[in-house]
Amino acid sequence: MANPTTAITPTRSENYSEWYQQVVRAADLAENSAVRGCMVIKPWGYAIWENMQRVLDGMFKETGHSNAYFPLFIPVSFLEKEAAHVDGFAKECAVVTHHRLEMGPDGKLIPAGELEEPLVVRPTSETIIGATYAKWVQSYRDLPLLINQWANVVRWEMRTRLFLRTTEFLWQEGHTAHATREEAVEETMKMLKVYANFAEGWMAMPVLQGRKTDGERFPGAVDTYCIEAMMQDRRALQAGTSHFLGQNFAKASEIQFLDAQGERQFAWTTSWGVSTRLVGAMIMTHSDDDGLILPPKLAPAHVVIIPVVHKPEDSAAIQAWTRSLADELRKQSFDGRSVQVQLDERDMRGGDKAWNWIKKGVPVRVEVGPRDMAADSVFMARRDKPHKEKLAVKRGDFIQGISALLQEIQDGLFKRANDFRIANTKVIDDAKEFEAYFAAPKVAENVPTPIHGGFALAHFCGDPKVEAQIKDRLGVTVRCIPLEMGNEPGKCVITGAPSPQRVVWAKAY
RNA sequence: CGGGUUGUAGCGCAGCUUGGUAGCGCGUUUGACUGGGGGUCAAAAGGUCGUGGGUUCAAAUCCCGCCAGCCCGACCA
């Protein structure tokens, strides 16, 4: 590591999934824990999640929702109430069967006090919330019921990766109940838009909005809508989902109300969620071979100031100058908050500090040494530009311009990601071309597959069996039936059967 | 869950085939020299070799179980 050209090895093109893990570690976002598949989210990673929470929570409140909290444990019998739901989640449930530990003869603790009815650790909360709503909803006057909870959930996955798929993860789940189908559908779409707005406006991550095919739908939902993003390895990542649950869960949990005519009706429900997976999505959308790149609106620090002190006698003056610079920057605002400034006064070499913050993805770095002080300027670098590209800026101009600069970086990241997605999205009408587009380059066994493929916009007849075959053969699925695209009819790229519109095909996380 | 592979100092690794009680690079600490970019020199600290058992006079090394990571599958709103 004497003089590497990149801070992260391997690079994205050498080994994408290893690169991802190294970025997570280099930026000090999270690490594996002693428990299989469960991560420790470290302060820098958690700060990003807190920013996501803050923004999303504000959006949920603006759309009329309130937060509440429901139990971690769900009686197994609750899960049994909705057949499709059971199918979808039973395989990945952690089950609590005992409530006490006793010391065994060999000094080891053994479970004792078997529960009459086992509890599952929530993989999602439709059933427990449904049972609660059944009590809360009596009259049409109790509707709509608009509630969100911030919680952890557990899904016993076979293969895990930090942030992208872990056994335990943090998320929010909104659960609403409505008097009419129309209202519930409207809610489903409204929250989908909230997610899309957040992804694009705050994460600087372009997303496709669409509906899931039968095969990809949430277990128990009538319709699942999603936002799908393209990662830099050109695979699709589902970044959020919004479900129209119809009356399925209302019937399973007996959420009923008397309407204005005094008739007994089942409520119409929705649920919607995003998780800490968004952190993984953000990493894989923007970061480069020098580490994390944070969109300013979600960065725990917008600006890091690195004092450059070579002679002890300069120290006091530089400290005073940089502290006042930090204070003035904090008086500026960006995205409705004060500019977040990190003043790095650690007793370390300047170069080490700079690389530390590059890897952590801070949008703007400034260095201040005696020469800058004398010139009343700062030496500035942007994380979205090559790390050698640095510029002296007058102090006053820098302070005045910081908000606009952060917005420019934010917009630039979105544009770069959007251009990437466009460049790797292809309209395909020919079966052979479709196959060639997704065919994996041949490599040795047990070696990561090189980056290839992308999004294909192709017609699909809608037959789940055809989709399953393609998945078996190419590892490609329909990510969504996009909402934005017109209903241009055509012929299925696989079977030639009539197709109402193009869908998005891709390999997925 | 199947196949493969890995686990030795904070990080990256060597040592294991042919058992003889641990080494390298980076990092860390201290000192000096440096000084607008992950610097140079010197000294030092730091390891029950993932874990539990077995074989042996002796195990990082051989055998078995378990735990965890990674890759390829299967699976996964």
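First the proteins, then the strands, lettered A, B, ... as listed; each starts at 1.
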- Would you mind pulling out the nucleotide paired to G20(B), Watson-Crick or G-U wobble, both distances under 3.5 Å? C57(B)
Proximity to the side chain of [X] - top-ranked nucleotide from [options]:
X	options	result
M158(A)	G38(B), C70(B), A74(B)	A74(B)
K359(A)	G36(B), A77(B), G38(B)	G38(B)
N32(A)	G38(B), G69(B), G39(B)	G69(B)
R159(A)	G39(B), A77(B), C72(B)	C72(B)

Which part of the nucleic acid, if any, lies within reach of [X] when heavy atoms closer than 4.0 Å are counted: base, sugar-phosphate only, or nothing?
X	answer
D372(A)	base
K212(A)	nothing
G350(A)	nothing
P307(A)	nothing
W171(A)	base
G475(A)	nothing
K388(A)	nothing

- Without swapping roles, check the side chain of R155(A) against the backbone of P123(A) for a donor-acceptor pair under 3.5 Å. yes
- Message: I'd like to know if the side chain of W19(A) reaches the main chain of D288(A), judged simply by a donor and an acceptor atom lying under 3.5 Å from each other, with no hydrogens or angles considered.
- Response: yes
- Phosphate contact (C71(B) OP1 or OP2) by Q21(A) side-chain N/O below 4.0 Å: yes
- Task: Answer yes or no: does a side-chain N or O of R25(A) lie under 4.0 Å from OP1 or OP2 of G12(B)?
- Result: yes
- Query: Regarding H65(A) and Q172(A), is there a side-chain donor-to-acceptor distance under 3.5 Å anywhere?
  - Reply: no
- Message: Between C63(B) and G19(B), how many Å separate the two C1' atoms, rounded to a whole number?
- Response: 13 Å
